[in-house]
Amino acid sequence: MNPIAQAAVVATPVESPEEDKPLEWEPRVCEASWWQTRQSRESLVERLLGLFTDPSASLARDKTRRRGLSKALDWLEGQPGETWQDRWMASGADAAGFEWTALSLKGRGATKRHQRDELATGLALLVAGQAIRPSYVWLLRQRLTVMLTETRAASDPDAFRRLDQLAQHATASARSDALNKLTWIVIRKGGRVSDITVGDCIELTAALEEHHFRGSAGRPLFYALLKETGVLPASAPPRLRVLRIEGRRSVEQIVDGYGIECRAVRDLLVEYFTERAPELDHVSLRSIARNLCRLFWRDLEIHHPGIDSLRLAPEVAQAWKERLAHIRDAEGHPVRPRVNFRSELVFVRAFYQDIARWAADDPARWAPWVAPCPIKASECATKKSRSRVKSRMDQRARTQLPLLPALLRAVDRQRKDAEARITAARATSAGGRFLIAGEEFERSRSGQAGRVYATAVATDRRRNLTHEEEAAFWSWATVEVLRHTGIRIEEMLELTHHSFIAYRLPITGEVVPMLQVTPSKTDAERRLLVSPELAEVLTAIIFRVRAGSAALPLVSAYDVFEQTWSPPMPLLFQRRYGTEDRPLTRSYIRECLVAT
């Protein structure tokens, strides 16, 4: 029995856990004072030299540290404040970032490099010894590797050593990035690794994004290590991306985002959307809110200040329709006609009609807002426009359908060529050359993440063969799955290992695999027979995602329509991204297909 049939027989549906309620994570409050920063100079020097120098040795490094610590303390003692942290903040160095040494050496003439280095060495000891706790603004602008290394050795060496061992599967750069982030949190918040909270992780990620470390902000290994070791509670989200992507907003937040001035109308819109929310997905709700709040009412408030009633004068309604008919620039000048003008009118007309209909059932709540609709039925008729759209779609299908065999050959050839290139590159040492499909390449040194690179000799362009092979495979898999099943891309990306079910034929008793498609646009569940051709494609997908493991990784997918996260599931369409497994997105599939 092939792997697809096996999956259909052994896979049993799992019940999704109850959706967790959104949690508000707050970072730890930065202490104003703690015992290390309150130490006298003599006690502090004795403690730091005991931690970071060897009294019995006369190493040049230790001499530099003693001189640097003395100079840093001399400078801080000249600042106002009762603690070392108070003096640090009063000096202005925390806000100066990389140029902080200029403040301490000001007035000493031309400063030399060794003076700055000694001062930086002394301050690194003060930070590693928790005498001062700089802000993330300052920390993220430094390149003091010694400060981070000494902090790990002095604050919580066993925990950092254990985390480093757990991260051995990652590349050296990813491991270093994770340890540095955890060290920054310990420096800023104090305490040990076990004291780090979800809020601390959110705060650091926000600081990285704010100070142009966006690439680093998206690297989730540090969060995964905290989660794996049990530092973070069981209720914490399993992935850092859950914390970084904006969650579902409340109706009040959506409406308030448009700055409606009339409080009564604002409250009416909140009640209206609250009433309609159960029958709409979240993206549709926000789309209608954009129409009613921004394009309709806020536009009226801008052009008719003080308006507070849905009963519009004919000239007011007509002027609004004329403005809505065109897309406008920031100054309000027409740019081009609005293609979906009639569709936008439909939402406003439905708004008036819903209020009038609901007023019959609940007059106390809705009757005060009943007013004549400013839009006639003939103004928002879309039958002709829908017919034109359908006609264009049918014509496009008639034009492109004969090209399907060519598309199938193209994606299959692209996949085979990409596989041949990366296979040949892996068998070639750096600097060597190889020839594939008439194109000559020179093997480049492998990247830190193990990606394979090669330079096309004819164009002298460096190419990421790992990325090309991955994109070519998923292009081929997408086209094949869609043509054999007829499902939508959204439904395809929701296929899991549990989508395979076993069906026993009533006459022969033969067990055949079937594919269970979760409800999507039609809200109706479907079951499709897995043909031998489809089974071959799905088998290739499963073998690729497993990557030698016994089972598919569990990943959480983000629903862009409901703006919620799914429970961890063995999705078929997933890939390794950095140090974690992620589900494929519609944008990634689109990029792969466009590149075909």
**Prompt:** Do Phe222 and Thr579 have side-chain heavy atoms sitting under 4.5 Å apart?
**Reply:** no
**Message:** Between Phe573 and Pro583, is there a side-chain heavy-atom distance shorter than 4.5 Å?
**Reply:** no
**Message:** Can you confirm whether the side chains of Asp394 and Ser391 place a donor and an acceptor under 3.5 Å from each other?
**Reply:** no
**Complete:** One should read off an interatomic distance between Ile487 CD1 and Leu495 CG, to the nearest 0.5 angstrom, of 4.5 Å
**Asked** Charged N to carboxylate O under 4.0 angstrom, Arg544 versus Glu469?
**Response** yes
**Request:** State plainly whether the residues Glu344 and Arg290 are in salt-bridge range, i.e. N to O under 4.0 Å.
**Result:** yes
**Message:** For Phe500 and His497, take the angle between the two ring planes, folded into 0 to 90°, and tell me which bin it lands in: parallel under 30, tilted 30 to 60, perpendicular over 60.
**Reply:** perpendicular
**Message:** Once rounded to the nearest 0.5 Å, what's the spacing between atom OG1 of Thr197 and atom CD of Glu203?
**Reply:** 8.5 Å
**Prompt:** Does any N or O in the side chain of Ser499 come within less than 3.5 Å of the main-chain N or O of Leu515, such that one atom is a donor and the other an acceptor?
**Reply:** no
**Asp256: partners by side-chain hydrogen bond (donor to acceptor under 3.5 Å, both in side chains), with sequence neighbours left out** = Arg266
**Prompt:** Donor-acceptor pair, Lys189 side chain versus Trp184 backbone, under 3.5 Å?
**Reply:** no
**Item:** Check: Val283 main-chain N/O paired with Ser287 side-chain donor or acceptor under 3.5 Å
**Value:** no
**Message:** In the structure I gave you, are the side-chain heavy atoms of Tyr136 and Ile185 within less than 4.5 Å of one another anywhere?
**Reply:** yes
**Prompt:** Do side-chain atoms of Gln253 reach the backbone of Ser250 as a donor and acceptor pair under 3.5 angstrom?
**Reply:** yes
**Prompt:** So how far is it from Leu529 CG to His484 NE2, rounded to the nearest 0.5 Å?
**Reply:** 12.5 Å
**Request:** Report the residues that fulfil side-chain contact (heavy atoms from CB on, under 4.5 Å) with Ala547, sequence neighbours left out, ordered by chain and then residue number.
**Result:** none
**Message:** Distance check, rounded to the nearest 0.5 Å: Leu285 atom CG versus Arg249 atom CZ?
**Reply:** 11.0 Å
**Request:** Report the C-alpha distance between Leu204 and Arg188 in whole Å, list the side-chain angles of each, state the deciding distance to 0.1 Å, and finish with yes or no for side-chain contact (heavy atoms from CB on, under 4.5 Å).
**Result:** CA-CA 10 Å; Leu204 174 62; Arg188 178 61 183 146; over 6 Å; no
**Request:** Kindly determine whether Trp474 and Tyr588 satisfy ring-ring contact (aromatic ring centres under 6.0 Å, His included), including the steps that lead there.
**Result:** CA-CA 9 Å; Trp474 289 116; Tyr588 177 77; 7.7 Å; no
**Message:** Do the side chains of Asp412 and Arg409 get close enough for a salt bridge, i.e. N-O under 4.0 angstrom?
**Reply:** no
**Prompt:** Near His326 NE2, under 6.0 Å, is it more than 12 heavy atoms from other residues, nucleotides or ligands?
**Reply:** yes
**Request:** Just do the side-chain contact (heavy atoms from CB on, under 4.5 Å) check on Leu182 and Leu226 with the steps written out, would you?
**Result:** CA-CA 9 Å; Leu182 296 173; Leu226 294 176; 3.7 Å; yes
**Message:** Any non-hydrogen side-chain atom of Met492 less than 4.5 Å from a side-chain atom of Thr485?
**Reply:** no
**Asked** Is a donor on one side and an acceptor on the other found under 3.5 Å between the side chain of Lys321 and the backbone of Leu345?
**Response** no
**Prompt:** Taking the side chain as C-beta and beyond, is there a heavy-atom pair between Leu534 and Glu480 under 4.5 Å?
**Reply:** no
**salt bridge (Lys or Arg N to Asp or Glu O under 4.0 Å) evaluation trace for Arg586 with Glu490** = CA-CA 7 Å; Arg586 292 185 301 166; Glu490 178 188 351; 5.5 Å; no
Run the side-chain donor-acceptor check on residues 294-308: report pairs under 3.5 Å with partners two or more places apart or on a different chain.
residue	atom	partner	partner atom	Å
Trp297	NE1	Glu301	OE2	3.0
Arg298	NH1	Glu301	OE1	3.0
Asp299	OD2	Arg323	NE	2.8
Asp299	OD2	Arg323	NH2	2.7
Glu301	OE1	Glu261	N	3.0
Glu301	OE2	Glu261	N	3.3
Glu301	OE2	Cys262	N	2.9
His303	ND1	Asp299	O	3.0
His303	ND1	Arg323	NE	3.4

**Asked** Listed by chain and number, what are the side-chain hydrogen bond (donor to acceptor under 3.5 Å, both in side chains) partners of Glu275, not counting sequence neighbours?
**Response** Arg365
**Prompt:** For Arg336, does the CZ atom sit with more than 12 other heavy atoms under 6.0 Å from it, leaving out its own atoms?
**Reply:** no
**Short N-O contact, Arg575 and Glu470, less than 4.0 angstrom** = yes
**Item:** Qualifying ring pair (Phe, Tyr, Trp, His ring centres under 6.0 Å) pairs with a residue from residues 248-281, counting only residues at least two apart or across chains
**Value:** Tyr272-Phe351, Tyr272-Trp358
**Results of side-chain contact (heavy atoms from CB on, under 4.5 Å) for Arg311 - residues two or more places apart only** = Ser309, Ala371, Pro372
**Asked** Any idea which heavy atoms bring Ile196 and Val231 closest together, and the distance?
**Response** O-CG1, 3.7 Å
**Item:** Ring-face cation of Arg239 near Tyr223 (centre distance under 6.0 Å, axis angle within 45°)
**Value:** no
**Prompt:** Is a side-chain donor-acceptor pair under 3.5 Å present for Arg392 with Gln395?
**Reply:** no
**Prompt:** Is the backbone of Cys592 close enough, under 3.5 Å, to the side chain of Ser475 for a donor and an acceptor to pair up by distance?
**Reply:** yes
**Message:** Could you measure the distance from the CD1 atom of Ile288 to the CG atom of Leu280? Nearest 0.5 Å is fine.
**Reply:** 4.5 Å
**Request:** Nearest 0.5 Å please: distance from the CG atom of Leu482 over to the CG atom of Leu593.
**Result:** 8.0 Å
**Asked** Taking the six-membered ring of Tyr577 as reference, does the NZ or CZ atom of Arg241 fall below 6.0 Å from its centre and within a 45° cone about the axis?
**Response** no
